[in-house]
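The next block holds one structure in the form of structure tokens; read it before the comments.
Here is how names work: the chains are called A, B, and so on, in the same order as the sequence lines, proteins then strands, and each is numbered from 1. These figures come from a predicted structure and were not determined experimentally.
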Amino acid sequence: MKNLIPPVKGARDFYPEEKAIHGWLYQKLKNVSASFGYQEYDGPFLERIDLYAAKSGEELVKEQAFVLQDRGGDLLALRPELTPSLVRMVAQRQNQLVYPLRWWSFGPFWRYERPQKGRTREFFQWNIDMIGVDSTEADAELIAVCVAFLRSVGLSSDQVVLRVNDRRLMDSELNTIGISGEQKKAAFKLIDRSDKLPQKEWETFASELGFTTQQISGIQAILNDTTLWKKSPSLVRVFDSLKALRADDFVRFDAHIIRGLDYYTGTVFEASDLDGGRAILGGGHYDNLVEDVGGDPLPGVGFAMGDVMITIVLEKYGLLPEPKSFTRAGLMTVFDENALQDALRLSAIVRDAGIEMVCYPAVAKLQKQFKYADRIGVRFVLVQGPDEKAEGKVSVKDLANATQQTVAEAELIGFLQQLLK
RNA sequence: GUGGCUGUAGCUCAAUGGCAGAGCACUUGACUGUGGAUCAAGGGGUUGUGGGUUCGACCCCCAUCAGCCACCCCA
């Protein structure tokens, strides 16, 4: 035990209970994606580093990506996100694909960050995008997909909020108070910070960024105006569409939502835990992603959700499924040395009838085998000792109600099917 | 990258300078053909690692490693 090689920092072990939950989550988002007609795809886990360098900038790649060198000397990266791969895949077959394209994916990603609550170096992410259409109805659909997912895992609008904004609206609003060009980036950063910092510190931060008192109060006025969305025709349409889609619970306009990514150009949205504030998922509309890697311009809308944060939130609200171990139905015991072959034979018969069956793999005390059956959570236990063997019978113990019956081998399957009903 | 907290049995944690412990788990038995409950016995430790202070260190000091948490960042 002492000399165990430690696991890689920020990597994750999935013990069966955790793997079961992971699989459950996968099923949920798969069903939601499919219900809107999205198709599953995946990219490679390894990409040339240039793919990310082109878009994300060298700093990010150097500091946040797991980089390795192949034998030819090329630099590769474990994918830190999926969008560049998606865009490359679309660009490669740009003229063969059918638009609007609806694709989704769930797989592992790596980022070299300092692990903490809700953040690991190895994580899974659900990515879902609609590409090739430039409408507010498409934006609304992706938001509706979010809502459908949140509902399907049992979350309510008391627990999670889905905040929606539009970058074009923020752009024009900033323009009207005299913030433009380079200052806009700083303003976005300031807006992003507005609910993290206390009022006074925020104002200090704002003047450090070079904003005038007038501009600062202008920004505050924008942020506090809950009806601001009415000035944005596209947001009005998004909210109307959401109502038509019957997906307007969870959803709320919020001018604070900007999103860190530069490539968002229109609608942006983000879901977060109301009690705790951490973001669960986020996404938005982009105009020209494909163009960036050398294809013709194609608009799209999409979002991404990490598995770690959502699992923490679901656990907090008691919404994770019971880890009712496995579905293995029964255990075949081994009475003694002479019974080994019969145990194998009987378990094969039961298994062939479609009943999940585990056979104890060695000779052991019955007490130990029964205890094992209890621990792994099977429903029934089969015993064939000398007495049963002599009459061609098997004893079946139902662990749920501690009853036991001895039945003829020929009637065993029917008996078990009845028991498992 | 910055800061805080924590490292003691498989797990959760006691022991505040004087013999390293408990609960749970495990093994065995009470029960020679039967799980969950109960009882009894047993196994299990270089107190993360290295140094220092002290008659004496799990405890105090220094270093180091690891984990957790927050900040930064978040494609």
For [X], answer base if it contacts any base atom (sugar-phosphate contacts may also be present), sugar-phosphate if it contacts only those atoms, and nothing otherwise; contact means non-hydrogen atoms under 4.0 Å.
X: A/K117; result: sugar-phosphate
X: A/F335; result: base
X: A/V381; result: nothing
X: A/A279; result: nothing

Check the distance between [N]'s [atom2] and [X]'s [atom1] and give it to me in whole angstrom.
X: A/R114; N: B/C73; atom1: CZ; atom2: P; answer: 15 Å
X: A/N338; N: B/G33; atom1: CG; atom2: C1'; answer: 15 Å
X: A/F66; N: B/A75; atom1: CZ; atom2: C1'; answer: 15 Å
X: A/I312; N: B/C69; atom1: CD1; atom2: P; answer: 8 Å
X: A/L82; N: B/C74; atom1: CG; atom2: C1'; answer: 17 Å
X: A/K371; N: B/C26; atom1: NZ; atom2: C1'; answer: 9 Å
X: A/K365; N: B/G29; atom1: NZ; atom2: C1'; answer: 8 Å
X: A/E113; N: B/C69; atom1: CD; atom2: P; answer: 14 Å

Examine A/R193 relative to A/F205 and say whether NZ or CZ is less than 6.0 Å from the centre of the six-membered ring and inside a 45° cone about the ring axis.
-> yes
If you pin A/R119 and A/A400 to their nearest nucleotides in RNA chain B, which one's is more 5'?
-> A/A400
RNA chain B nearest-nucleotide lookup for A/W110 and A/P7: closer to the 5′ end is A/P7
Assert yes or no for the condition that the ring centre distance of A/Y26 to A/W126 is strictly below 6.0 Å.
-> no
Whether over 12 other heavy atoms sit under 6.0 Å from A/Y112 OH | no
If a protein heavy atom is under 4.0 Å from the base, mark B; if only from the sugar-phosphate, S; if neither, -; do that for nucleotides 37-43 of chain B going 5' to 3'.
-> -------
Name the orientation class of the two ring planes belonging to [X] and [Y] (parallel below 30°, tilted from 30 to 60°, perpendicular beyond 60°).
X: A/F269; Y: A/F303; result: perpendicular
X: A/F14; Y: A/H22; result: tilted
X: A/Y264; Y: A/Y286; result: tilted

Between [N] and [M], how far is it from one [atom1] atom to the other, in whole Å?
N: B/G10; M: B/C19; atom1: C1'; value: 25 Å
N: B/U32; M: B/U46; atom1: P; value: 38 Å
N: B/U8; M: B/C59; atom1: P; value: 13 Å
N: B/U2; M: B/G23; atom1: C1'; value: 40 Å
N: B/G18; M: B/C31; atom1: C1'; value: 46 Å

Considering only side-chain heavy atoms of A/L399, which listed nucleotide, B/G35, B/U34, B/A25, is closest?
-> B/G35
When you measure from the side chain of A/E81, which nucleotide among B/A75, B/G35, B/C68 comes out closest?
-> B/A75
For [N], what is the paired nucleotide under Watson-Crick or G-U wobble rules, both distances under 3.5 Å?
N: B/U2; answer: B/A70
N: B/A30; answer: B/U38
N: B/C24; answer: B/G10
N: B/G18; answer: B/C55

Can you name the one residue among A/I257, A/V268, A/T267 that meets side chain to side chain contact (heavy atoms under 4.5 Å, CB included) with A/R167?
-> A/V268
When A/H256, A/R163, A/R259 are each screened for side chain to side chain donor-acceptor pair (under 3.5 Å) with A/E270, the one that passes is A/R259
Examine the base of B/U34 for any acceptor or donor lying under 3.5 Å from a partner atom in the side chain of A/Q369, and report the outcome as yes or no.
-> no
Less than 3.5 Å between a donor and an acceptor, one on the side chain of A/E388 and one on the base of B/G33, is that the case here?
-> yes
Phosphate OP1/OP2 of [N] contacted by [X] side-chain N/O (<4.0 Å):
X: A/K9; N: B/A66; answer: no
X: A/R278; N: B/C74; answer: no
X: A/Q367; N: B/G33; answer: no
X: A/K189; N: B/C73; answer: yes
X: A/R193; N: B/C73; answer: yes

For A/H285 and A/D134, does a side-chain donor sit closer than 3.5 Å to a side-chain acceptor?
-> yes
With respect to A/E409, which candidate in A/R345, A/K393, A/K389 satisfies the salt bridge (charged side-chain N to carboxylate O under 4.0 Å, His left out) definition?
-> A/R345
